[in-house]
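Since the structure comes first, as structure tokens, the remarks are kept for the end.
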Amino acid sequence: MAFQLGDDDSQSMSEMNLIPLIDIMLVLMIIFLLTATVLNPTVPLDLPKTSAELNQAPPEAIQISIDKEAGLYWDDEPISMEALAARLQAQSASGKDPSIQLRADKEGKYDTVAQVLAAASQAGLTKVAFVNE
């Protein structure tokens with residue numbers, strides 16, 4: 001049913017088989033990639049020269065807590081407002097410039113928090129962090 005010109009016996013195949021040629025090209029490409037990485041395994045870089053210095057450890061933080069009855073605590077020990085102001089002055093005079101972590105009960109008085117902030121400001125301590133849970 002198909003239309004055909006000429007005889008089957010006299011007609012030669014005019015297409016070239018490219019599969020072996022493609023196989024040879026892939027093998028040559030893999031060999032080239034392997035030899036190129038063996039000959040030049042690194043990339044030369046001209047990096048700048050620097051000097052690394054050790055960073056100083058940050059000073060320890062002062063933890064001041066205020067409970068709902070306006071009680072003050074330095075770390076875990078109770079303290080009065082006058083003793084707190086004296087300790088803050090001593091910390092400021094030591095030259096370490098410590099940070100203050102202030103924890104206040106949510107039902108506590110804002111007046112006590114304001115007094116602690118004023119005492120820290122008068123002592124010259126400006127790094128105050130409010131801690132909540």
Side-chain angles (χ1 to χ4, degrees):
M1 294 210 156
F3 180 72
Q4 184 175 5
L5 294 174
D7 296 337
D8 288 336
D9 296 335
S10 65
Q11 198 71 311
S12 67
M13 185 175 191
S14 63
E15 295 179 3
M16 181 179 191
N17 190 2
L18 294 177
I19 292 177
L21 182 63
I22 292 172
D23 289 344
I24 291 172
M25 294 299 288
L26 287 175
V27 169
L28 288 175
M29 186 178 69
I30 290 171
I31 291 172
F32 173 72
L33 288 175
L34 291 176
T35 57
T37 56
V38 169
L39 294 177
N40 192 9
T42 60
V43 177
L45 294 177
D46 187 19
L47 297 175
K49 304 292 184 216
T50 61
S51 61
E53 297 177 6
L54 294 175
N55 292 336
Q56 295 179 357
E60 290 188 19
I62 301 169
Q63 295 189 10
I64 300 173
S65 303
I66 304 171
D67 63 2
K68 63 182 176 182
E69 284 86 26
L72 290 172
Y73 296 91
W74 182 285
D75 291 332
D76 287 330
E77 66 180 75
I79 192 170
S80 67
M81 184 62 75
E82 294 80 19
L84 175 70
R87 276 198 183 179
L88 290 176
Q89 288 288 345
Q91 289 292 325
S92 176
S94 70
K96 295 180 182 177
D97 194 26
S99 63
I100 299 173
Q101 293 181 353
L102 183 61
R103 300 171 187 255
D105 191 270
K106 65 179 180 180
E107 296 176 8
K109 295 182 180 180
Y110 177 74
D111 182 46
T112 309
V113 174
Q115 289 176 4
V116 170
L117 291 175
S121 176
Q122 288 174 356
L125 302 174
T126 57
K127 298 178 183 177
V128 179
F130 292 95
V131 180
N132 62 356
E133 295 176 14

More than 12 heavy atoms from other groups under 6.0 Å of CG on D75: yes
Shortest non-hydrogen contact between Q89 and A123, atoms and distance: NE2-CA, 3.4 Å
Of V27, I31, L26, the residue whose pairing with M29 passes side chain to side chain contact (heavy atoms under 4.5 Å, CB included): L26
Closest approach of D105 to D67 (non-hydrogen atoms, all atoms of both residues): CB-C, 3.8 Å
Flag side-chain contact, heavy atom, 4.5 Å: V128 against S99: no
Nearest heavy-atom neighbours spanning P98 and Q91: CG-OE1, 3.9 Å
Heavy-atom pair with the smallest gap, counting every atom of T112 and M81: O-CE, 4.3 Å
Approximate separation, where rounding is to 0.5 Å, of K109 NZ and Q115 CD: 10.0 Å
Considering all heavy atoms, the nearest V113-A104 contact: CG2-CB, 3.8 Å
Straight-line distance of F130 CZ to L117 CG, nearest 0.5 Å: 4.5 Å
V131 and L102, any side-chain heavy atoms less than 4.5 Å apart: no
Audit row: I62, W74, side chain to side chain contact (heavy atoms under 4.5 Å, CB included) steps and yes/no: CA-CA 7 Å; I62 301 169; W74 182 285; 3.4 Å; yes
Spacing of E82 atom CD and R87 atom CZ [to the nearest 0.5 Å]: 13.5 Å
Hydrophobic cluster membership, L88 vs Y73, 4.5 Å side-chain cutoff: no
Atom CD1 of I19 with >12 non-hydrogen neighbours under 6.0 angstrom: no
A120 to I100 - nearest heavy-atom pair and separation: CB-CD1, 3.6 Å
